[in-house]
Structures are given as C-alpha cells and as structure tokens.
Amino acid sequence: MKSLLRAALCALLLTAGTVPAQAAQAAQAAQAARTAAPAPVANAAEAWTPPLSTRGRYIVDAQGNRFRLRSGNWDGAQGSWNGSGDRNDPATHHSGQNAGGIPLGLDRVPLPTLLADFRALGLNSIRLPFSNEMLRTTTPVPDAAVAANPALRGRTPLQVFDAVVAALTDGGFAVILNNHTVTTRWCCGLDGNERWNSGRSTAQWADDWVFLARRYRDNPRVVGADLYNEVRRDVFHDPNWGLGDDRDWHAAAQEAADRILTEANPNLLIVVEGINWFGLPVDGFPHGRPTLTPVRTLSHTLVVSNKLVYSAHFYGYTGPHHSGATGIGETSDLRYQDMSAAQLEQTLYDQAFFVSAETGAHFTAPVWISEFGIGADETGAAPRTWFDRLTGQLAAKEADFAYWPLVGWSTDAQGNPGGDTWAMLRYDAAGRRTGVLDAGDWRTARWSGLLAAPARTGPVPATTAWYQLTTDHRDHNASLLTRAGGDWDSGARKAVCPDGSRLSGLSHTGGRALCTGSGLRAPAGGHTVVRDERYVPAGGDWATGYTKFQCPAGQFLIGHSLRGERVSAALCAPARTALPAGGRTLWFDRGDNRPPGGPGGEYALGHYKGQCLPTEYAAGIAFTTRFASRPSPAALLCRPLPGPEGS
C-alpha cells in the first residue's frame, strides 16, 4: 500500500482523530443518510459462478465467462498503528483512524449498509488485507471498534474477519485475501514487515497461508490468495527474484502457492505481486521499483494450472526509481505523475501490462493493478492528470483493478474533520457518508468512466498455454500425478511439466525447460523413468556418439532430471492415442534452435536452447559424456503430433 513514505507524510499532514464512542443511534443515522444519497455510480449485482480461473490474460468464472476484478481494498485488519506511541491514542494511527485490527468502518456503519455502498460503487470483489499477528490475537476487539455492529462484540479480530468474509460472500462479492503485514501495523516502510519472512521463516509464513486457506475453503466465493504486499528492502538487505536464498521472493511465492493449492484449496487464484523496492534511494546508487519486470524471463508455473495472477501497485507520487519521498530519501528520478502521457503508457507497459498484453508466452497471465488511489482533497495539476491518465490506461488495457483505500473516516469522534481523504467512502462519527458516490468528489467522473469503458465480457475461449520450469536451486515438479508417485530420481534436480502439458523445449545449460498445454496424456497409466538407451530401437540412432534417453513407443516427454549439469533421467508419460514414430533431431548445443517467433517466450535467457515445433512432441533427450564436453542436454528427438495437431 502506497510507497515508503506515505505513512510518515500523512501522519504529519492530516488531522488526528480520537477513538469514536458511538451508541445505537449511529446505525440509525447511517441508515437515514442513505435516503439522501445520490444515484449509484454502477450496479455490481452480476451473475458469476465460482471458482475463478484464468485463460490467457483473462480471469474467468466456472462457466468460462470473463470476470473482471473491479475491486476495492477494505483495509484495517492489517493494522493502522504507525508503530510508535500509545496504541490507544488515535494520533498514533494512520490518518487518526484506529481500526482496532479489523476492517475499517465497523464502528460507524452497519455491515449491510457498507455492502450496499460497495455495490453502488460498481464493485464485484474486495481485496481484504490481514496481518499474520491477527491470526493469533486472542483478545476480543474493543466494543467501540464494532459499535455499529453490536453482534460482533466479544469476538477476536479473526472472528470479526470471519464475519466480514461471510457477509461479503453472502452479498455476492468475490473476496481475495491479502497478507499485507506480519505484525498488525500500518505499512509500508522500514516497519519490520518488509518481507514475507520478516521475523520468521518462509515455512512458517506458508503455514499461515495453509491455515487461512483451509479456514475458508468451503466458501467458494473466497476466490484468491494475494500472497504478500509490497515486498521491499529492509535496513540491510534487498529482496530478489531467483537467487535461491532466503530473500528470493520468486521461490517463496512458488513454495507458498504450491502448498496452498495442494494442502488447502486447489480452487484459489494465486496472486503474486512483483518486487516493490530495492536499493538505497540516493542518486548515484542502484535503486528502483522492479514491479513485474523480472517475470519476462522468470515466471511461475504452479502445480495447478490456470490459477496464476500477477499484480502491481501504482501511485502518482512514486516512480520506477522514485521512492515517493520528499526531502530525505528523495532522488532526481521521475515520479509517475511527472511523466508525459506517452512516458507513462510505456512505463506501465514495461513494468506490468506486458504480462497480459504479450500472449502466447510462459509469463502470460492476468494483471491486477491491486492498488492505486489519490486524495479527494488533491488540487495539484500533476497528480490529477496522472490519475486521469492511469484510469484511462486501466480502461484501455481492460485491466483488473482495485482502488486503495475503500473505507475511511471523515471526522473524529467529536465531529472535527479528519481521517483518510484518499478513501472512496468516508463516514463521519454518526455514519453519514461522503466520497466517490457524491457528485462533488472530483474523482467521481474518473471512476465512473473507468467502470463504463468498453471491455470484453462473456465466454473466453481456451488458448495454448506455455509454462517455464527452472531447476536453478531446487526441484520444479509441477505435476500432481507425478508427485503422487513419489521421488522418481532421488538426489537429482527434477523438472516436470504440469498435468495436461508436454515438454516442448530445453536449455543446453541453466536447467530451464519449456512446456506447452496438451491433451496428449492418457487418462490412466503411470510415468516411465528412462535412465539408459533401452528404448532406442535397432537402427534408430538419432544422435550418433551421444547418449540418448528415449521414451518408450507410445509415450512422450513430460520432464527430465539433472545431477549437476549432467542429464540424469528422462520422464515419459503414456499418450491417449497412437503416436507417430520417426521425427528429427533438434540440436541446440551450439546455438538456439527454436521455431520462428519463439513461441512461449524467452525461457532461458543467456543460454542456448532448443524447442520442437508446435506440431511436434518431444520423445527423447541426447547428451554427451565426452571429456571436456558439457554433459547437459544437447538435442531433442522431435516427432509429429498425431492427427490434425501434427499437420
């Protein structure tokens, strides 16, 4: 949420409030205020069938119809305390709003009214942040924190969270759970919440996700797990994408995602945000906001296909290399709001939108801009222009989106102006609402335009899927069927394509592989591990002088294993129909050898790589053990697919 310094800036600029102490009349006043409200911006009462999945760049429901996430961030359960001072003093909370460790607004507005206002905004989904501390807090929330919802009195923060989730999903909203912070405090800076494993292990973090995903697995409208918010540098260390250490966000997300899908709920969307910040924000030193740029060459392949969504956050006062600071920590880099329209469009594409725009690649996935926002009191020309341009880009790219924040206060308990002016819906101490549903809010026209912009609806046809495998630092077994069979090559690093796909390409070095979607596998029958040349027929030497691990007749490659650089084994699966023999030898030990256009994208940057044609299947791997030669994959046996696929 926001960048490194918004919390500090807001604490200085906004008026602090005090803890509201409401009586039952607050609920009555809030209900009365509805009758004077302007007409709704949009109606979010749309029919959709869970669970959600992905098809190429789109999210779809169980019927295959596009489900565009039109979301709001209902924050509070991640924490509002700024990290110093008395937690009971509203002045120590973001914008003077003490959320009590639960979603904001429950002290001022009854749940049904909040949901009606969300629906009037045109929302169909809610990003619901939480902290890991919330999962373990056993002290009931203060009565004042739920004054407008007295049925929630005496409950712990997690139990209140349960009630909110139930109300949202009963109301037809899709809920995406978002692990926002480790401790219950405002994000995001040097706050002890910089990484998913700040103060604990990656395994413990994944344990918490399994716990929460199991808790809601019988509620099909809990549709997603947004793994962690704004991964960034701590005091001494940067996060990374693929180095294999305990700061490797790519690997940690892969681990947690696969555990959620295999141990808790295979129906959830898995949302992975890019890296939000690295380096020291000082001119002359490396620093920046990579967002999703590393995904182009290193993406995720999950154990359940069609569940991956990537996300990014954009705020005008930050930039690709600007932390958002003013004064200390400020650099000469451009902020997003200082860019021309053309610069902003290109930057958004380079940092995020390429993931959904470039179809037919291993990284192709829906992109959810899961945070963006601006203040209702913003008068600056540059920030307002940025907001116009950003919402225009969201509309033009048909992007999924989530505004930050959804709910805030407009007064303190005494009726004095206060609270978060960025909120779409602001409520005073009596529950009266102002915000984007009011014509006087300058953001209303932009929000309405975003909702009204034409976008794809209805059925989304299935597309050819591509998957990247990497054995850089560990096994990458993306097949549930193979996992069920146990360790098929103990001690080796193994890569296996997802179920419903076949191996299409290998890199000569680097341990990378490329898979493509295929309905080729037979519904029954186990895999075959090939460690020698027993399946190479007499007179069928397709790589003279090289060792050949060839699949038995009627089988095709779905994986391979390595010991160091040396090929250890090939993994083959039976086909559902007879497979053509013959074929050709595809060499890639002295250069790339791929089909025109490189379908699937760059899957092994900096390494020679080979790839069978889309009309072929791979049936064998060749390598050499000659002295002074690399014993890594050197050639593939590519054979025509059966029937129309092979023509």
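Just so we're clear, the structure is a prediction, and the values are computed from it rather than from any experiment.
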- request: Could you give me the CA-CA distance, side-chain angles and deciding distance for R493 and H473, then say whether side-chain contact (heavy atoms from CB on, under 4.5 Å) is met?
  value: CA-CA 8 Å; R493 285 179 291 128; H473 309 293; over 6 Å; no
message: Strictly distance-based, threshold 3.5 Å: is any side-chain N or O of H180 a donor or acceptor partner for the main-chain N or O of N229?
response: no
query: Between the side chains of T470 and H476, is a donor N or O closer than 3.5 angstrom to an acceptor N or O?
result: no
Kindly list each side-chain donor-acceptor pair under 3.5 angstrom involving residues 597-606, sequence neighbours excluded, with atom names and distances?
residue : atom : partner : partner atom : Å
E602    : OE2  : A604    : N            : 2.9
E602    : OE2  : L605    : N            : 3.2
E602    : OE2  : K609    : NZ           : 3.3
Y603    : OH   : L506    : N            : 3.1
Y603    : OH   : L506    : O            : 3.0
Y603    : OH   : G610    : O            : 2.8

query: Any side-chain donor paired with an acceptor under 3.5 Å for S198 and N193?
result: no
field: Min side-chain heavy-atom separation D191-R185 under 4.5 Å
entry: yes
message: If the threshold is 4.0 Å, N to carboxylate O, is there a salt bridge linking D487 and K494?
response: yes
- request: Just jot down the salt bridge (charged side-chain N to carboxylate O under 4.0 Å, His left out) partners of D61, sequence neighbours excluded, or say none.
  value: none
task: Taking the side chain as every heavy atom from C-beta outward, state whether L52 and V60 have any atom pair closer than 4.5 Å.
output: no
message: Is there a side-chain contact between L571 and T482 in this structure, where contact means two heavy atoms from C-beta onward sitting under 4.5 Å apart?
response: yes
query: Does D238 pair with R233 as a salt bridge, N-O distance under 4.0 Å?
result: yes
field: Electrostatic pair R296:E358 at N-O distance under 4.0 angstrom
entry: yes
message: Test of understanding: with side-chain hydrogen bond (donor to acceptor under 3.5 Å, both in side chains), list the residues that count as partners of R502, not counting sequence neighbours.
response: S518
Residues forming a side chain to side chain contact (heavy atoms under 4.5 Å, CB included) with N179, sequence neighbours excluded: F130, N132, R200, W205, W209, Y228
side-chain hydrogen bond (donor to acceptor under 3.5 Å, both in side chains) against R55, all qualifying residues, sequence neighbours excluded: none
Salt bridge (charged side-chain N to carboxylate O under 4.0 Å, His left out) partners for D248, two or more places apart: none
message: Do the side chains of R534 and D532 get close enough for a salt bridge, i.e. N-O under 4.0 angstrom?
response: yes
side-chain hydrogen bond (donor to acceptor under 3.5 Å, both in side chains) against D258, all qualifying residues, sequence neighbours excluded: Q254, R483
- prompt: What do you reckon, are the aromatic ring centroids of H300 and W241 less than 6.0 Å apart?
  reply: yes
query: Below 4.5 Å, heavy atoms only, C-beta onward: do N265 and R214 meet side chain to side chain?
result: no
task: Kindly give the heavy-atom pair with the smallest separation between C515 and L469, and that separation in Å.
output: SG-CD1, 3.5 Å
Test log, rule side-chain contact (heavy atoms from CB on, under 4.5 Å), inputs R127 and W368: CA-CA 11 Å; R127 183 177 184 245; W368 186 31; 3.7 Å; yes
query: Is R195 paired with D234 through a side-chain N to carboxylate O contact shorter than 4.0 Å?
result: yes
query: Is there a donor-acceptor contact under 3.5 Å from the side chain of S370 to the main chain of S311?
result: no
Whether over 12 other heavy atoms sit under 6.0 Å from Y608 OH: no
field: Y216 and D162: CA distance, side-chain angles, deciding distance, side chain to side chain donor-acceptor pair (under 3.5 Å) verdict
entry: CA-CA 9 Å; Y216 300 124; D162 290 340; 2.6 Å; yes
query: Does a donor on one side chain and an acceptor on the other come within less than 3.5 Å for Q550 and W542?
result: yes
query: Is a donor on one side and an acceptor on the other found under 3.5 Å between the side chain of T54 and the backbone of I59?
result: no
field: CA sep, side-chain torsions, deciding dist, call: N65, V460, side-chain contact (heavy atoms from CB on, under 4.5 Å)
entry: CA-CA 6 Å; N65 295 312; V460 176; over 6 Å; no
- prompt: Excluding sequence neighbours, so at least two apart, what forms ring pair (Phe, Tyr, Trp, His ring centres under 6.0 Å) with F353?
  reply: none
- prompt: side chain to side chain donor-acceptor pair (under 3.5 Å) between D246 and N197: does it pass, once the steps are laid out?
  reply: CA-CA 8 Å; D246 65 355; N197 58 355; 5.1 Å; no
message: Listing request: all salt bridge (charged side-chain N to carboxylate O under 4.0 Å, His left out) pairs with a residue in residues 535-552, at least two apart in sequence or in separate chains.
response: E533-K548, D541-K548
- prompt: Ring centres of F363 and F354 under 6.0 Å apart?
  reply: yes
task: Could you pull out all residues at least two apart from D350 that satisfy salt bridge (charged side-chain N to carboxylate O under 4.0 Å, His left out)?
output: none
query: What distance do R247 atom CZ and W196 atom CH2 have between them, rounded to the nearest 0.5 Å?
result: 9.0 Å
query: For A513 and L503, which heavy atoms make the closest approach, and how far apart are they?
result: CB-CD1, 4.4 Å
field: Between N306 and S53: side-chain donor-acceptor atoms closer than 3.5 Å
entry: no
query: Does the side chain of T464 reach to within under 4.5 Å of the side chain of T516, using non-hydrogen atoms?
result: yes
task: Hey, could you give me the CG/CG distance between L637 and L557, rounded to the nearest 0.5 Å?
output: 8.5 Å
task: Would you kindly say whether R563 and S568 are connected by a side-chain donor-acceptor distance under 3.5 Å?
output: yes
query: What heavy-atom pair brings I275 and P290 nearest, and what distance separates the two atoms?
result: O-CD, 3.4 Å
- prompt: Hey, what do you get for CG (L177) to CG (D226), rounding to the nearest 0.5 Å?
  reply: 9.0 Å
statement: OG1 of T359 to CH2 of W466, rounded to nearest 0.5 Å, is 12.0 Å
- prompt: So do H287 and L280 actually touch side chain to side chain, heavy atoms under 4.5 Å?
  reply: no
query: So, E616 and R584, do they make that salt bridge, N to O below 4.0 Å?
result: yes
task: Kindly say whether I260 contributes a backbone atom to a donor-acceptor pair with the side chain of E263 at under 3.5 angstrom?
output: no
task: Not counting sequence neighbours, list each pair that qualifies as a salt bridge (charged side-chain N to carboxylate O under 4.0 Å, His left out) and has a residue in residues 510-521.
output: D472-R512
Check: F549 ring centre within less than 6.0 Å of F623 ring centre: yes
field: Heavy-atom check, side chain of P366 versus side chain of R57, under 4.5 Å
entry: no
message: Strictly by salt bridge (charged side-chain N to carboxylate O under 4.0 Å, His left out), give each pair with a member in residues 625-640 just once, sequence neighbours left out.
response: E565-R630
query: Short question: side chain of Q78, backbone of S131 - any donor-acceptor pair under 3.5 Å?
result: no
Q611 vs N593 side-chain heavy atoms within contact, under 4.5 Å: no
